[in-house]
2 protein chains.
Amino acid sequence: MASISIKDIASKAGVSTATVSYVLNGTRNVRPETKARVLQAIEELDYKPNDIAKSLKRKRTDTIGVIAEDVTVFNTPEIIDGINDYADRYDLHILLTNLRLNKRIGKDFENRDRYQKYAQGAVDELLRKQVDGIVYIGVHPRDLTGLIHTHGKPIVYTYGYTQNDVSIQYDDEKAAFEATSYLVRQGHSRIAVISGMMDSIPSRLRLNGFFRAVTEFELPFDPGWIKIGDWETESGYRLTQELLALPNPPTAILVMNDVMAVGVMRAARELGVPVPERLSVIGFDNREFSDYLTPRLTTMDLPLHAMGYASMEALARIMRGEPAADIAMPVCRLVERDSVARLAMS
Amino acid sequence: MASISIKDIASKAGVSTATVSYVLNGTRNVRPETKARVLQAIEELDYKPNDIAKSLKRKRTDTIGVIAEDVTVFNTPEIIDGINDYADRYDLHILLTNLRLNKRIGKDFENRDRYQKYAQGAVDELLRKQVDGIVYIGVHPRDLTGLIHTHGKPIVYTYGYTQNDVSIQYDDEKAAFEATSYLVRQGHSRIAVISGMMDSIPSRLRLNGFFRAVTEFELPFDPGWIKIGDWETESGYRLTQELLALPNPPTAILVMNDVMAVGVMRAARELGVPVPERLSVIGFDNREFSDYLTPRLTTMDLPLHAMGYASMEALARIMRGEPAADIAMPVCRLVERDSVARLAMS
DNA sequence: CTGTTAGCGCGTTCAT
DNA sequence: ATGAACGCGCTAACAG
């Protein structure tokens, strides 16, 4: 079944293919009555335009290649959703590549070569498909500089940092500052931190935000209140035991992800320290499960949707040759639930 | 910058474009030394083939359109991952459309017209992009028959049911049967059910599986042990209160999703009924949070990855003109954790 | 068997 | 409003 083309429409309507094209795209004026004839022919033959042919000539596909390091990691779907939100508004399409990094290389991100070939291969395929631009979504924030070559095609990275290309991240420093400020407003001053690993950029930025709050609010500070975790539940559990064994234990812990916060709450429960009455806990990420914990976890929500959207905005600007550096950095938002107690100011 | 084409390669290598094409695709024999010249020219000019032009001629894009009703719903990323897994193996690409139904229409699935236009619009766009086939991923299992017209393009639905098209679902009946069998093996006989809403196909199938187990294992049966929930936590909470107030309360509850199981465990805790010692709970879905509950929830894992993969397999068969009906139905798998107690057989 | 010529796929767009 | 070239690669037909 040869599908009907613009030619069929042209002959049926008794006009040239050029005219049909003009009607289709509104590229030029067409006398109303011929236009009507064309429209009717399109209707009767149930004509469906072929975007492939169009793209070939226009040298534009209106398609953005999205490379996700792993769609099954919690941050990715919401970022994709933000990308789609933008794409819908501007009639763009998404060619999705899923690197499946978690399944292929696990957590072995030390070895960059190990996944660089996947990333570069994905880019090459997208380039062959003539995407107009590329968005790269990492699985955890790290330096992605020079990971891939796009041969001049615009690219924006998100959930990762870069030196020379545009990358969209949320404001880690501010988030930690605000989380700490919130604890202060609730009357806390002996505030501990369980951070992620120190080779992580977010860990360092958040620590900066925390220290800025310590300074600004003139909080007491004890180096023993800063603990370095590894993002996993077990480390939250162990470090909380250490913190609660201190002669002068904190009344609140700022935990740099919700997964470790689970360990914090488990340790507190086992030690008979009620949360939030004697220990307040504030997490990071607003993972789905944080709402199902007991007590429900207060945590910083990541602006994932906004990051996806902003990535597309940045990409669009780059494609238009405009600067993209001034796009506002998405900010985190505190989700107040039940794991932080208001302390009587004494 | 005019990108280099097959012509540039041809002239640089001193051959015709046909020869270059033959080298590129291995479509015909080329003398090794000319082949080498071509390859070298490709290398030197850093030539990147244009798949758009290729697709136009071949009338094949090696691209599958995937329509997700909502990528932020828990089932979707894993299904997409399964689709990608298949696509990687067979050099297919994925054009993703995200209907964003949750954000656009909430839970208003009664009103089919409300979202049908989004679905149909997505299909039309994909068709214009000349995808070779379509996979449609629902957000909850319901009858999707006739939702969209694909004008003869192959389509497979998953996470939903259809009458005339191929759809891939997991085996709900079997899953419920096995969950119940597991409880029986652990020594339970007074088993209650908190189902989802009764207009839901999975609810009915699972109830069938449960009843088959009741019959097969000759379990005592009390109609008061069958409760109809609405998939939300609150209903699990309320119905568990009812169940535990019964003169002859169950020792175990089969709950048709993990979200309601949270309510079950909450009610039990408040009533001072320890889980699993006095009440065993088994959930459905293996949501991420189920592993963070206290106690960790035993639940049925959904074969989402396998469903995505099977959808692509089915699609490939249809595209080859083969029957796809005999593709094995993916099965659920019990994730044994800590919410079910082994009862002493008495 | 190896290589070339030329038309084609389906719309777009410029010159007429 | 139209004819025809064009985008880029594929492939049938043909030649050596």
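Please read all numbers here as calculations on a predicted model, not as lab measurements.
Spacing between atom CG of B:Leu56 and atom P of C:dG9 amounts to 9 Å, rounded to whole angstrom units. One can place OH of A:Tyr47 at 8 Å from C1' of C:dC10, the figure rounded to the nearest angstrom. Look at NZ on A:Lys54: it is 5 Å from P on C:dT12, rounded to the nearest Å. Remark: C1' of C:dG11 and CD of B:Gln130 are 12 Å apart, rounded to the nearest angstrom. Here C:dC10 presents its C1' atom at 12 Å from CG of A:Leu24, a figure rounded to the nearest Å. Separating the CZ atom of A:Arg28 from the C1' atom of C:dT12 is a distance of 11 Å, rounded to the nearest angstrom. The CZ-C1' distance, from A:Arg58 to C:dG11, rounds to 10 Å in whole Å.
The shortest distance between the side-chain N/O atoms of B:Asn29 and the OP1/OP2 oxygens of C:dT2 is below 4.0 Å. Residue B:Thr34 places at least one side-chain N or O under 4.0 Å from the OP1 or OP2 atom of C:dG3. The shortest distance between the side-chain N/O atoms of B:Lys59 and the OP1/OP2 oxygens of C:dG9 is not below 4.0 Å.
A side-chain N or O of A:Lys54 and one of A:Asn25 form a donor-acceptor pair less than 3.5 Å apart. There is a side-chain donor-acceptor pair under 3.5 Å between A:Lys129 and B:Thr63. In summary, the side chains of A:His151 and B:Asp46 do present a donor paired with an acceptor at a separation below 3.5 Å, with no hydrogens or angles considered. Side-chain atoms of A:Glu69 and A:Tyr136 form a donor-acceptor pair, as typed in the model, at a separation below 3.5 Å.
DNA chain C is contacted by both B:Ala53 and A:Ser21; B:Ala53 maps to the nucleotide lying nearer its 5′ end (nearest heavy atom per residue). Toward the 5′ end of DNA chain D lies the nearest nucleotide of B:Lys48, the other residue of the pair B:Lys48 and B:Tyr22 mapping further downstream.
Below 30°, between 30° and 60°, or above 60°: for A:Tyr170 and A:Tyr159 the angle between ring planes is between 30° and 60°, a tilted geometry.
Distance from the side chain of B:Lys57 is smallest to C:dG9 among C:dG11, C:dG3, C:dG9.
Among the protein residues, A:Asp51 comes within range of no part of the nucleic acid, since none of its heavy atoms lies under 4.0 Å from any strand. Heavy atoms of A:Arg31 sit under 4.0 angstrom from primed sugar atoms or phosphate atoms, though from no base atom. Within 4.0 Å (heavy atoms only), B:Val20 reaches no atom of the nucleic acid at all. Nucleic acid contact class of B:Ser5 (heavy atoms, under 4.0 Å, all strands): sugar-phosphate only.
When DNA chain D is scanned in the 5' to 3' direction for atoms under 4.0 Å from non-hydrogen atoms of chain A, the outermost contacting nucleotides are D:dA1 to D:dC8.
None of B:Phe74, B:Phe109, B:Tyr161 except one satisfies the ring-ring contact (aromatic ring centres under 6.0 Å, His included) rule with B:His140; the exception is B:Phe109.
For the pair A:Tyr47/A:Ile6, a side-chain contact is recorded, criterion being any heavy-atom separation below 4.5 Å from C-beta on.
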